[in-house]
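Worksheet for the structure shown next.
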Amino acid sequence: MSKDIYTLEGQRIWVAGHRGMVGAALVRRLAMEGAEILAISRTGLDLRRQKDVEGWIAANKPDVVVLAAATVGGIGANAARPAEFLYDNLAIAQNVIDGSWRAGVERLLFLGSSCIYPKFAPQPIPESALLTGPLEPTNEAYAIAKIAGLKMVEAYRTQYGARYISAMPTNLYGPGDKFDEAAGHVAPSLMLRMVRAKLAGAPSVVVWGSGEPRREFLHVHDLAEACALMLRRYDESGPLNIGGGDEVSIRGLARTIARVVGYQGEIVFDASKPDGTPRKLLDSSRVYALGWRPNYELEAGLRDAYFWLQSQRSDLWDAACVA
Ligand code: GDP
């Protein structure tokens, strides 16, 4: 197993995007390393504004930057708002990466997504599959911005010797997720839809697409663990895939969520909605070699997300009692 090459204890770490699901999990995990966490809200700093970002980093002097800020969403949001997904994510990546280098930030971790790989990549997908074929059209804008970001990280390493790295996580879920049926990813969207259906006594719920696509899901706390390990142990060009290695069909996911939520109605599939890429299983052997393994099994992890939803959205249950 590999050894630590960098210590996070006592470092000033800026987690960009600390209010999001990934950023919030990273703040908790990196604080456990004894690091001092820096954070700035979206209203305090618009990451799309180059001058503001450069000024903020120069003034606050982090030692380490973790770039978890992004304009994100599920298959519906990506297809409806490609201009925002491309512009925002390109701007955020270039402003934060270049601003960090100018301010002398020692280490930077850029977070991407498994959608950077070609639609018909070999499964499980190795990092070497990058740019070997056309992308999945439903999330092309987001993918192009994330590919540009990881290439910037590589270019700053090549030209300036910056110790900057990238991670490409598989489909994530967990506490802090975007529970929004139209714009969210599949796991939180189906959970919310099934909670509403259960509370309303609805006989069926709709799941988009055929139910046949397969996805690999990772609890966000497992991702945060992998990120902490990468910052301590990884210092090479090229991204590392982060996935748990288990795949499930969307049909299987829907059944598992129904069990977690206690929804007993029928699950119907809406074939007019896009399936997206057929499979997206990552080959994560390189991050396993650093000593990382996920802890959460899917159903237990979804229960954790469900508890979080219950704690945050008591209005759903209150409204059902009144009705
Ligand atoms: P993707 O992995 O980039 O395709 O992201 P998503 O999490 O948005 O979608 C994953 C799969 O779940 C796709 O095949 C969707 O068609 C399917 N899916 C089924 N129901 C839903 C839903 O209510 N919302 C979303 N976002 N996806 C859904």
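Quantities reported herein were computed from a predicted structural model and do not represent experimental measurements. Whatever order the structure lists ligands and atoms in, that order sets their numbers, starting from 1.
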Report yes or no: does Asp275 contribute a side-chain atom to a donor-acceptor pair with the main-chain N or O of Pro213 at less than 3.5 Å? no

Option among Leu218, Leu302, Leu253 that satisfies the side-chain contact (heavy atoms from CB on, under 4.5 Å) test with Tyr173: Leu302

With sequence neighbours left out, write down each residue that passes side chain to side chain donor-acceptor pair (under 3.5 Å) with Arg163, or none if nothing qualifies. Asp235

Taking any residue with a non-hydrogen atom under 4.0 angstrom from an atom of ligand 1, which ones do you get? Gly74, Ile75, Asn139, Asn171, Gly184, His185, Val186, Ser189, Leu190, Arg193, Val207, Trp208, Pro213, Arg215, Ile250, Pro274, Asp275, Lys280

List the atom pairs, with distances to 0.1 Å, where a side-chain N or O of residues 140-151 and a protein N or O form a donor-acceptor pair under 3.5 Å, not counting sequence neighbours.
{"from": "Lys146", "atom 1": "NZ", "to": "Leu111", "atom 2": "O", "distance (Å)": "2.9"}
{"from": "Lys151", "atom 1": "NZ", "to": "Glu154", "atom 2": "OE1", "distance (Å)": "3.3"}

Going by atom type alone, with no hydrogens or angles, which donor-acceptor pairs under 3.5 Å involve a side-chain atom of residues 65-73 and a protein atom two or more places apart or on another chain?
{"from": "Thr71", "atom 1": "OG1", "to": "Asp88", "atom 2": "OD2", "distance (Å)": "2.8"}

For residues Asn295 and His221, is any side-chain donor paired with an opposing acceptor at under 3.5 Å? no

